[in-house]
Protein chains: 2
Amino acid sequence: MSDSPLENLIDHFKQYLPLEEEEILALKSRITERKIKRRQFLLQEGDVCKYFSYVQSGCFKMYSVDEKGFEHNLAFASEDDWISDIGSLHKEIPSKLYIEAIEPAVVLQISKGDLWYLYTNFPKFDRNFRVIIEDKFIALQERLLQTFSSTALERYESFIKQYPQLANRLPSTQIASYLGVTPEFLSRIKNESLRK
Amino acid sequence: MSDSPLENLIDHFKQYLPLEEEEILALKSRITERKIKRRQFLLQEGDVCKYFSYVQSGCFKMYSVDEKGFEHNLAFASEDDWISDIGSLHKEIPSKLYIEAIEPAVVLQISKGDLWYLYTNFPKFDRNFRVIIEDKFIALQERLLQTFSSTALERYESFIKQYPQLANRLPSTQIASYLGVTPEFLSRIKNESLRK
DNA sequence: CGCTACCCTTAAACTAGTTTAAGGGTATTT
DNA sequence: AAATACCCTTAAACTAGTTTAAGGGTAGCG
(Lines give C-alpha, C1' and ligand atoms only; values in the text may rest on other atoms or scores of the structure.)
Protein backbone atom coordinates (compact mmCIF):
# COMPACT_ATOMS: atom_id res chain seq x y z
CA MET A 1 0.00 0.00 0.00
CA SER A 2 2.51 2.54 1.21
CA ASP A 3 5.30 3.24 -1.22
CA SER A 4 7.68 4.26 1.55
CA PRO A 5 11.17 3.35 0.43
CA LEU A 6 11.57 1.32 3.63
CA GLU A 7 8.58 -0.91 2.99
CA ASN A 8 10.70 -3.87 1.85
CA LEU A 9 13.16 -3.52 4.69
CA ILE A 10 10.41 -3.37 7.31
CA ASP A 11 8.87 -6.49 5.80
CA HIS A 12 12.28 -8.10 5.82
CA PHE A 13 12.46 -7.77 9.62
CA LYS A 14 9.05 -9.43 9.97
CA GLN A 15 10.80 -12.78 9.45
CA TYR A 16 12.56 -12.16 12.77
CA LEU A 17 11.31 -9.87 15.57
CA PRO A 18 9.08 -7.36 13.69
CA LEU A 19 9.85 -3.71 14.36
CA GLU A 20 7.56 -1.45 16.44
CA GLU A 21 6.71 2.07 15.37
CA GLU A 22 9.51 3.73 17.35
CA GLU A 23 12.10 1.33 15.99
CA ILE A 24 10.88 2.00 12.46
CA LEU A 25 11.23 5.74 13.04
CA ALA A 26 14.72 5.37 14.49
CA LEU A 27 15.71 3.19 11.55
CA LYS A 28 14.13 5.49 8.98
CA SER A 29 16.04 8.55 10.14
CA ARG A 30 19.34 6.66 9.95
CA ILE A 31 19.01 5.06 6.54
CA THR A 32 20.22 6.48 3.27
CA GLU A 33 18.85 5.34 -0.05
CA ARG A 34 21.34 5.22 -2.92
CA LYS A 35 20.94 4.38 -6.60
CA ILE A 36 23.91 2.46 -7.97
CA LYS A 37 24.85 2.02 -11.64
CA ARG A 38 26.09 -1.18 -13.22
CA ARG A 39 29.86 -1.55 -12.49
CA GLN A 40 29.73 1.03 -9.76
CA PHE A 41 31.50 0.10 -6.50
CA LEU A 42 30.07 0.12 -2.98
CA LEU A 43 33.54 -0.74 -1.70
CA GLN A 44 37.04 -0.93 -3.14
CA GLU A 45 40.16 -2.64 -1.85
CA GLY A 46 42.10 -0.42 0.54
CA ASP A 47 39.05 1.54 1.69
CA VAL A 48 37.43 1.03 5.07
CA CYS A 49 33.91 -0.31 4.64
CA LYS A 50 31.53 2.36 5.97
CA TYR A 51 28.08 0.77 5.54
CA PHE A 52 25.91 -2.21 6.04
CA SER A 53 23.80 -2.24 2.85
CA TYR A 54 20.37 -3.73 2.28
CA VAL A 55 19.78 -4.52 -1.41
CA GLN A 56 16.34 -3.34 -2.48
CA SER A 57 16.79 -4.12 -6.15
CA GLY A 58 19.58 -5.17 -8.49
CA CYS A 59 22.54 -7.42 -7.84
CA PHE A 60 26.06 -7.18 -6.41
CA LYS A 61 29.16 -9.31 -6.22
CA MET A 62 31.73 -9.17 -3.44
CA TYR A 63 35.15 -10.41 -4.47
CA SER A 64 38.88 -10.24 -3.91
CA VAL A 65 41.60 -9.88 -6.53
CA ASP A 66 44.68 -12.11 -6.12
CA GLU A 67 48.31 -11.25 -7.00
CA LYS A 68 47.79 -12.54 -10.54
CA GLY A 69 44.82 -10.23 -11.02
CA PHE A 70 42.16 -12.94 -10.90
CA GLU A 71 38.85 -12.21 -9.21
CA HIS A 72 37.33 -14.61 -6.66
CA ASN A 73 33.66 -14.13 -5.87
CA LEU A 74 32.90 -14.58 -2.20
CA ALA A 75 29.23 -13.68 -2.36
CA PHE A 76 26.40 -12.41 -4.49
CA ALA A 77 23.63 -10.26 -3.04
CA SER A 78 20.36 -9.52 -4.79
CA GLU A 79 16.90 -8.28 -3.68
CA ASP A 80 16.14 -8.54 0.03
CA ASP A 81 19.70 -9.44 1.03
CA TRP A 82 22.48 -7.70 2.97
CA ILE A 83 26.01 -6.99 1.82
CA SER A 84 29.04 -5.57 3.63
CA ASP A 85 32.63 -6.41 4.51
CA ILE A 86 31.80 -6.96 8.16
CA GLY A 87 35.43 -7.39 9.18
CA SER A 88 36.43 -4.03 7.73
CA LEU A 89 33.27 -2.31 9.03
CA HIS A 90 33.71 -3.54 12.61
CA LYS A 91 37.44 -3.21 13.04
CA GLU A 92 37.72 -0.09 10.85
CA ILE A 93 40.58 -1.60 8.89
CA PRO A 94 41.16 -1.34 5.11
CA SER A 95 39.21 -3.96 3.19
CA LYS A 96 40.75 -6.53 0.88
CA LEU A 97 37.46 -6.79 -1.00
CA TYR A 98 35.43 -5.13 -3.71
CA ILE A 99 31.65 -4.82 -3.77
CA GLU A 100 30.46 -4.04 -7.29
CA ALA A 101 27.03 -3.78 -8.92
CA ILE A 102 26.46 -6.42 -11.61
CA GLU A 103 23.12 -4.78 -12.41
CA PRO A 104 21.78 -1.28 -11.70
CA ALA A 105 20.67 -1.33 -8.08
CA VAL A 106 19.04 0.51 -5.20
CA VAL A 107 20.46 0.05 -1.70
CA LEU A 108 19.49 1.22 1.78
CA GLN A 109 22.61 1.96 3.78
CA ILE A 110 23.30 2.24 7.51
CA SER A 111 26.64 3.61 8.68
CA LYS A 112 28.59 1.92 11.45
CA GLY A 113 27.83 4.74 13.89
CA ASP A 114 24.11 4.58 13.22
CA LEU A 115 24.10 0.81 13.45
CA TRP A 116 25.83 1.05 16.84
CA TYR A 117 23.23 3.59 17.91
CA LEU A 118 20.43 1.21 16.97
CA TYR A 119 22.14 -1.71 18.71
CA THR A 120 22.56 0.25 21.94
CA ASN A 121 19.11 1.81 22.08
CA PHE A 122 16.96 -0.95 20.63
CA PRO A 123 18.10 -4.45 21.63
CA LYS A 124 15.82 -5.87 18.95
CA PHE A 125 18.42 -4.89 16.37
CA ASP A 126 21.06 -6.91 18.23
CA ARG A 127 18.68 -9.84 18.08
CA ASN A 128 17.69 -9.44 14.45
CA PHE A 129 21.21 -8.95 13.18
CA ARG A 130 22.42 -11.84 15.30
CA VAL A 131 19.98 -14.09 13.49
CA ILE A 132 20.78 -12.61 10.07
CA ILE A 133 24.49 -13.20 10.61
CA GLU A 134 23.90 -16.69 11.98
CA ASP A 135 22.02 -17.61 8.81
CA LYS A 136 24.86 -16.27 6.70
CA PHE A 137 27.36 -18.19 8.82
CA ILE A 138 25.43 -21.44 8.35
CA ALA A 139 25.31 -20.93 4.57
CA LEU A 140 29.01 -20.09 4.39
CA GLN A 141 29.93 -23.16 6.41
CA GLU A 142 27.86 -25.36 4.10
CA ARG A 143 29.64 -23.84 1.13
CA LEU A 144 33.12 -24.41 2.56
CA LEU A 145 32.17 -28.00 3.22
CA GLN A 146 31.05 -28.43 -0.38
CA THR A 147 34.27 -26.91 -1.64
CA PHE A 148 36.17 -29.64 0.20
CA SER A 149 33.97 -32.62 -0.44
CA SER A 150 32.39 -32.13 -3.88
CA THR A 151 33.60 -31.94 -7.47
CA ALA A 152 33.13 -28.77 -9.49
CA LEU A 153 30.19 -30.40 -11.31
CA GLU A 154 28.39 -31.19 -8.06
CA ARG A 155 29.00 -27.67 -6.80
CA TYR A 156 27.65 -26.24 -10.05
CA GLU A 157 24.52 -28.34 -9.88
CA SER A 158 23.80 -27.37 -6.30
CA PHE A 159 24.42 -23.70 -7.12
CA ILE A 160 21.76 -23.95 -9.83
CA LYS A 161 19.33 -25.57 -7.42
CA GLN A 162 19.97 -23.07 -4.68
CA TYR A 163 19.95 -19.89 -6.78
CA PRO A 164 17.89 -20.58 -9.92
CA GLN A 165 17.18 -16.85 -10.39
CA LEU A 166 20.86 -15.95 -10.22
CA ALA A 167 21.88 -18.80 -12.50
CA ASN A 168 19.97 -17.19 -15.34
CA ARG A 169 20.80 -13.60 -14.47
CA LEU A 170 24.55 -13.91 -14.09
CA PRO A 171 27.18 -14.48 -16.79
CA SER A 172 28.89 -17.88 -16.50
CA THR A 173 32.18 -16.14 -15.84
CA GLN A 174 30.81 -14.87 -12.55
CA ILE A 175 29.43 -18.24 -11.53
CA ALA A 176 32.75 -19.91 -12.32
CA SER A 177 34.51 -17.42 -10.08
CA TYR A 178 32.01 -18.16 -7.28
CA LEU A 179 32.49 -21.91 -7.66
CA GLY A 180 36.26 -21.55 -7.63
CA VAL A 181 36.97 -22.81 -11.16
CA THR A 182 38.01 -21.21 -14.45
CA PRO A 183 35.31 -20.22 -16.96
CA GLU A 184 36.87 -22.69 -19.42
CA PHE A 185 36.41 -25.59 -17.04
CA LEU A 186 32.86 -24.58 -16.19
CA SER A 187 32.08 -24.59 -19.88
CA ARG A 188 33.44 -28.14 -20.16
CA ILE A 189 31.42 -29.24 -17.13
CA LYS A 190 28.15 -27.84 -18.48
CA ASN A 191 28.76 -29.63 -21.75
CA GLU A 192 29.44 -32.96 -20.09
CA SER A 193 26.42 -32.63 -17.81
CA LEU A 194 24.18 -32.10 -20.87
CA ARG A 195 25.51 -35.20 -22.69
CA LYS A 196 24.47 -37.46 -19.80
CA MET B 1 41.02 -16.32 43.07
CA SER B 2 37.70 -18.09 42.85
CA ASP B 3 37.83 -21.56 41.42
CA SER B 4 34.22 -21.38 40.26
CA PRO B 5 33.91 -23.51 37.17
CA LEU B 6 32.49 -20.49 35.33
CA GLU B 7 35.47 -18.24 36.00
CA ASN B 8 36.89 -18.64 32.49
CA LEU B 9 33.56 -18.15 30.81
CA ILE B 10 32.81 -14.98 32.77
CA ASP B 11 36.24 -13.65 31.83
CA HIS B 12 35.52 -14.61 28.23
CA PHE B 13 32.53 -12.26 28.15
CA LYS B 14 34.68 -9.40 29.46
CA GLN B 15 36.02 -8.98 25.90
CA TYR B 16 32.52 -7.94 24.88
CA LEU B 17 29.88 -6.51 27.24
CA PRO B 18 30.89 -7.88 30.68
CA LEU B 19 28.14 -9.64 32.60
CA GLU B 20 26.49 -8.17 35.71
CA GLU B 21 25.80 -10.21 38.81
CA GLU B 22 22.24 -11.15 37.84
CA GLU B 23 23.32 -12.25 34.37
CA ILE B 24 26.06 -14.37 35.88
CA LEU B 25 23.53 -16.03 38.18
CA ALA B 26 21.11 -16.65 35.33
CA LEU B 27 23.92 -18.12 33.25
CA LYS B 28 25.29 -20.22 36.11
CA SER B 29 21.98 -21.96 36.77
CA ARG B 30 21.63 -22.85 33.08
CA ILE B 31 25.07 -24.21 32.39
CA THR B 32 26.14 -27.83 32.65
CA GLU B 33 29.76 -28.83 33.02
CA ARG B 34 30.79 -32.06 31.28
CA LYS B 35 34.07 -33.94 31.16
CA ILE B 36 34.72 -35.48 27.75
CA LYS B 37 37.16 -38.26 26.94
CA ARG B 38 39.44 -38.42 23.92
CA ARG B 39 37.41 -39.67 20.90
CA GLN B 40 34.13 -39.03 22.64
CA PHE B 41 31.47 -37.24 20.58
CA LEU B 42 29.55 -34.08 21.44
CA LEU B 43 27.52 -34.58 18.27
CA GLN B 44 27.09 -37.30 15.69
CA GLU B 45 25.66 -37.19 12.17
CA GLY B 46 21.89 -37.69 12.18
CA ASP B 47 21.40 -36.29 15.69
CA VAL B 48 19.94 -32.85 16.35
CA CYS B 49 22.55 -30.62 18.00
CA LYS B 50 21.27 -29.80 21.49
CA TYR B 51 23.96 -27.52 22.91
CA PHE B 52 26.14 -24.53 22.42
CA SER B 53 29.40 -25.61 24.08
CA TYR B 54 32.15 -23.47 25.57
CA VAL B 55 35.49 -25.29 25.63
CA GLN B 56 37.19 -24.81 28.99
CA SER B 57 40.06 -27.18 28.29
CA GLY B 58 41.02 -29.73 25.64
CA CYS B 59 40.42 -29.69 21.93
CA PHE B 60 37.66 -30.68 19.49
CA LYS B 61 37.25 -31.11 15.77
CA MET B 62 34.01 -30.60 13.86
CA TYR B 63 33.87 -32.48 10.58
CA SER B 64 31.69 -34.14 7.96
CA VAL B 65 32.17 -37.53 6.38
CA ASP B 66 31.68 -37.76 2.60
CA GLU B 67 30.24 -40.69 0.60
CA LYS B 68 33.70 -42.20 0.27
CA GLY B 69 34.16 -42.14 4.03
CA PHE B 70 36.70 -39.30 4.09
CA GLU B 71 36.57 -36.77 6.91
CA HIS B 72 36.68 -33.04 6.22
CA ASN B 73 37.50 -30.80 9.17
CA LEU B 74 35.41 -27.65 9.23
CA ALA B 75 36.72 -26.29 12.51
CA PHE B 76 38.85 -26.90 15.54
CA ALA B 77 37.92 -25.53 18.97
CA SER B 78 40.30 -25.39 21.92
CA GLU B 79 40.41 -23.44 25.21
CA ASP B 80 38.19 -20.37 25.41
CA ASP B 81 36.33 -21.10 22.17
CA TRP B 82 32.77 -22.09 21.27
CA ILE B 83 31.64 -25.09 19.25
CA SER B 84 28.23 -26.14 17.94
CA ASP B 85 26.41 -26.99 14.73
CA ILE B 86 24.44 -23.77 14.77
CA GLY B 87 22.29 -24.75 11.79
CA SER B 88 21.14 -27.95 13.46
CA LEU B 89 20.71 -26.27 16.87
CA HIS B 90 18.57 -23.42 15.52
CA LYS B 91 16.41 -25.24 13.04
CA GLU B 92 16.24 -28.45 15.09
CA ILE B 93 17.16 -30.54 12.06
CA PRO B 94 19.49 -33.58 12.02
CA SER B 95 23.12 -32.56 11.71
CA LYS B 96 25.46 -33.68 8.94
CA LEU B 97 28.42 -33.11 11.24
CA TYR B 98 30.43 -34.76 13.98
CA ILE B 99 32.01 -32.97 16.93
CA GLU B 100 34.68 -35.16 18.50
CA ALA B 101 37.27 -34.61 21.24
CA ILE B 102 40.85 -34.84 19.96
CA GLU B 103 42.07 -34.48 23.54
CA PRO B 104 40.33 -35.04 26.90
CA ALA B 105 38.24 -31.95 27.50
CA VAL B 106 35.93 -30.04 29.80
CA VAL B 107 32.99 -28.14 28.29
CA LEU B 108 30.30 -25.84 29.64
CA GLN B 109 27.06 -26.47 27.77
CA ILE B 110 23.92 -24.39 27.30
CA SER B 111 20.85 -26.02 25.78
CA LYS B 112 18.86 -24.28 23.07
CA GLY B 113 15.96 -23.60 25.43
CA ASP B 114 18.20 -22.05 28.05
CA LEU B 115 20.02 -20.00 25.45
CA TRP B 116 16.66 -18.70 24.19
CA TYR B 117 15.74 -17.86 27.77
CA LEU B 118 18.92 -15.85 28.21
CA TYR B 119 18.42 -14.09 24.87
CA THR B 120 14.88 -13.07 25.76
CA ASN B 121 15.53 -11.95 29.34
CA PHE B 122 18.99 -10.45 29.06
CA PRO B 123 19.60 -8.60 25.77
CA LYS B 124 23.29 -8.55 26.56
CA PHE B 125 23.47 -12.17 25.48
CA ASP B 126 21.99 -11.26 22.10
CA ARG B 127 24.71 -8.64 21.81
CA ASN B 128 27.57 -10.83 22.98
CA PHE B 129 26.66 -13.78 20.83
CA ARG B 130 26.08 -11.52 17.85
CA VAL B 131 29.67 -10.35 18.15
CA ILE B 132 31.00 -13.86 18.75
CA ILE B 133 29.25 -15.12 15.64
CA GLU B 134 30.35 -12.14 13.59
CA ASP B 135 33.97 -12.87 14.46
CA LYS B 136 33.51 -16.46 13.45
CA PHE B 137 31.86 -15.36 10.21
CA ILE B 138 34.77 -13.05 9.39
CA ALA B 139 37.30 -15.83 10.00
CA LEU B 140 35.31 -18.31 7.92
CA GLN B 141 35.06 -15.88 5.03
CA GLU B 142 38.80 -15.29 5.11
CA ARG B 143 39.36 -19.02 5.03
CA LEU B 144 37.06 -19.57 2.06
CA LEU B 145 38.88 -16.82 0.21
CA GLN B 146 42.21 -18.48 0.90
CA THR B 147 40.87 -21.80 -0.31
CA PHE B 148 40.13 -20.17 -3.66
CA SER B 149 43.15 -17.96 -4.10
CA SER B 150 46.08 -19.76 -2.44
CA THR B 151 48.02 -22.96 -2.99
CA ALA B 152 48.04 -25.68 -0.36
CA LEU B 153 51.53 -24.57 0.75
CA GLU B 154 50.41 -21.00 1.30
CA ARG B 155 47.38 -22.21 3.24
CA TYR B 156 49.57 -24.46 5.38
CA GLU B 157 51.98 -21.64 6.18
CA SER B 158 49.19 -19.29 7.19
CA PHE B 159 47.57 -21.99 9.32
CA ILE B 160 50.87 -22.35 11.20
CA LYS B 161 51.07 -18.60 11.70
CA GLN B 162 47.48 -18.29 12.85
CA TYR B 163 47.34 -21.32 15.17
CA PRO B 164 50.92 -22.05 16.31
CA GLN B 165 49.61 -23.87 19.44
CA LEU B 166 47.35 -26.12 17.41
CA ALA B 167 50.03 -26.81 14.80
CA ASN B 168 52.10 -28.57 17.44
CA ARG B 169 49.22 -30.20 19.27
CA LEU B 170 47.42 -31.74 16.33
CA PRO B 171 48.49 -34.69 14.18
CA SER B 172 49.30 -33.70 10.58
CA THR B 173 46.44 -35.83 9.36
CA GLN B 174 43.99 -33.49 11.07
CA ILE B 175 45.64 -30.39 9.69
CA ALA B 176 45.61 -31.85 6.18
CA SER B 177 41.89 -32.48 6.49
CA TYR B 178 41.37 -28.88 7.65
CA LEU B 179 43.41 -27.50 4.73
CA GLY B 180 41.49 -29.64 2.26
CA VAL B 181 44.39 -31.83 1.06
CA THR B 182 45.48 -35.43 1.60
CA PRO B 183 47.98 -36.24 4.37
CA GLU B 184 50.36 -37.52 1.67
CA PHE B 185 50.35 -34.20 -0.13
CA LEU B 186 50.80 -32.24 3.09
CA SER B 187 53.82 -34.37 3.85
CA ARG B 188 55.30 -33.51 0.42
CA ILE B 189 54.58 -29.82 0.96
CA LYS B 190 56.30 -29.71 4.36
CA ASN B 191 59.32 -31.40 2.87
CA GLU B 192 59.56 -28.95 -0.02
CA SER B 193 59.10 -25.95 2.27
CA LEU B 194 62.04 -27.14 4.41
CA ARG B 195 64.38 -27.57 1.43
CA LYS B 196 63.98 -23.89 0.48
C1' DC C 1 27.52 1.07 -40.17
C1' DG C 2 31.82 -0.85 -38.26
C1' DC C 3 34.41 -1.08 -33.88
C1' DT C 4 35.33 -2.49 -29.42
C1' DA C 5 34.42 -5.00 -25.48
C1' DC C 6 32.62 -8.88 -23.45
C1' DC C 7 31.24 -13.60 -23.30
C1' DC C 8 31.24 -18.44 -24.43
C1' DT C 9 33.27 -22.50 -26.34
C1' DT C 10 36.80 -26.04 -27.86
C1' DA C 11 41.00 -28.25 -27.62
C1' DA C 12 45.83 -29.37 -26.49
C1' DA C 13 49.55 -29.07 -23.18
C1' DC C 14 50.35 -28.77 -18.55
C1' DT C 15 50.35 -28.95 -13.14
C1' DA C 16 48.58 -29.25 -8.46
C1' DG C 17 46.88 -32.48 -5.87
C1' DT C 18 44.98 -37.65 -5.47
C1' DT C 19 45.40 -42.53 -5.29
C1' DT C 20 47.55 -46.60 -4.35
C1' DA C 21 51.03 -49.07 -2.31
C1' DA C 22 54.66 -49.95 0.70
C1' DG C 23 57.68 -49.38 4.83
C1' DG C 24 59.08 -47.69 9.29
C1' DG C 25 58.20 -45.42 13.91
C1' DT C 26 55.86 -45.11 18.21
C1' DA C 27 52.00 -45.15 21.47
C1' DT C 28 48.33 -47.88 23.51
C1' DT C 29 46.27 -52.11 24.61
C1' DT C 30 46.48 -56.99 25.87
C1' DA D 1 56.58 -58.61 25.28
C1' DA D 2 53.77 -58.94 21.57
C1' DA D 3 50.07 -57.11 19.02
C1' DT D 4 47.31 -53.66 17.28
C1' DA D 5 46.31 -49.23 15.91
C1' DC D 6 47.89 -44.82 14.55
C1' DC D 7 50.89 -41.71 12.24
C1' DC D 8 54.26 -40.09 8.94
C1' DT D 9 56.87 -40.47 4.79
C1' DT D 10 58.25 -41.65 -0.11
C1' DA D 11 57.34 -42.61 -4.69
C1' DA D 12 54.96 -43.80 -9.03
C1' DA D 13 50.73 -43.60 -11.68
C1' DC D 14 46.87 -40.98 -12.30
C1' DT D 15 43.08 -37.17 -12.71
C1' DA D 16 40.62 -32.87 -11.90
C1' DG D 17 41.21 -28.58 -13.05
C1' DT D 18 44.49 -24.74 -15.25
C1' DT D 19 46.74 -22.39 -18.92
C1' DT D 20 47.26 -20.83 -23.33
C1' DA D 21 45.54 -20.07 -27.66
C1' DA D 22 42.23 -19.50 -31.06
C1' DG D 23 37.61 -18.57 -33.09
C1' DG D 24 32.89 -17.12 -33.15
C1' DG D 25 28.67 -14.55 -31.22
C1' DT D 26 26.45 -10.58 -29.74
C1' DA D 27 25.48 -6.15 -27.39
C1' DG D 28 26.59 -1.33 -26.80
C1' DC D 29 28.67 2.71 -28.85
C1' DG D 30 30.88 6.39 -31.92
Review point. Where is the tightest heavy-atom contact between B/Leu89 and B/Ser84, given as atom of each residue plus distance?
Key: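 Closest heavy-atom pair between B/Leu89 and B/Ser84: CD2-OG, 4.0 Å.
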Separation of [N] [atom2] from [X] [atom1] (nearest whole Å):
X	N	atom1	atom2	value
B/Lys37	C/dT29	NZ	P	12 Å
A/Ile189	D/dA16	CD1	C1'	9 Å
A/Leu153	D/dA16	CG	P	11 Å
A/Ile102	C/dC6	CD1	P	15 Å
B/Phe148	D/dA16	CZ	C1'	16 Å
B/Phe70	C/dT20	CZ	C1'	11 Å
B/Glu154	C/dG17	CD	C1'	15 Å
A/Phe185	C/dT9	CZ	P	14 Å

Does the gap between the ring centers of [X] and [Y] come in under 6.0 Å?
X	Y	answer
B/Tyr63	B/Tyr98	yes
B/Phe52	B/Phe129	yes
A/Phe76	A/Tyr163	no

Taking atom [atom1] of [X] and atom [atom2] of [Y], what is their separation to the nearest 0.5 Å?
X	Y	atom1	atom2	result
B/Tyr119	B/Lys112	OH	NZ	10.5 Å
B/Glu100	B/Met62	CD	CE	13.5 Å
A/Ile99	A/Leu43	CD1	CG	5.0 Å

**Study point:** Stacked cation flag B/Arg30 on B/Tyr117, 6.0 angstrom / 45 deg
**Key:**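 Pair B/Arg30/B/Tyr117 counts as cation-pi.
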Exercise for review: Mind listing the residues from residues 177-184 of chain A sitting with a heavy atom below 4.0 Å of DNA chain C? Number order is fine.
Suggested key: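 Heavy-atom cutoff 4.0 Å gives A/Glu184.
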Under 3.5 Å, which N/O atoms of the protein pair with N/O atoms of nucleotides 3-8 of chain D?
{"from": "D/dC8", "atom 1": "OP1", "to": "B/Ser172", "atom 2": "N", "distance (Å)": "3.1"}
{"from": "D/dC8", "atom 1": "OP2", "to": "B/Ser172", "atom 2": "N", "distance (Å)": "3.2"}
{"from": "D/dC8", "atom 1": "OP2", "to": "B/Thr173", "atom 2": "N", "distance (Å)": "3.2"}
{"from": "D/dC8", "atom 1": "OP2", "to": "B/Thr173", "atom 2": "OG1", "distance (Å)": "2.9"}

Review point. Under 4.0 Å between a side-chain N/O of A/Asn191 and OP1 or OP2 of C/dT10, yes or no?
Key: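 Affirmative; the distance criterion is met.
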Check your understanding: Is there a donor-acceptor contact under 3.5 Å from the side chain of A/Asn73 to the main chain of A/Ala75?
Key ->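 It does not hold such a pair.
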Review point. A/Arg188 side chain: which of D/dT19, C/dG17, D/dT18 is closest?
Key: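 My answer, after comparing the listed nucleotides, is D/dT18.
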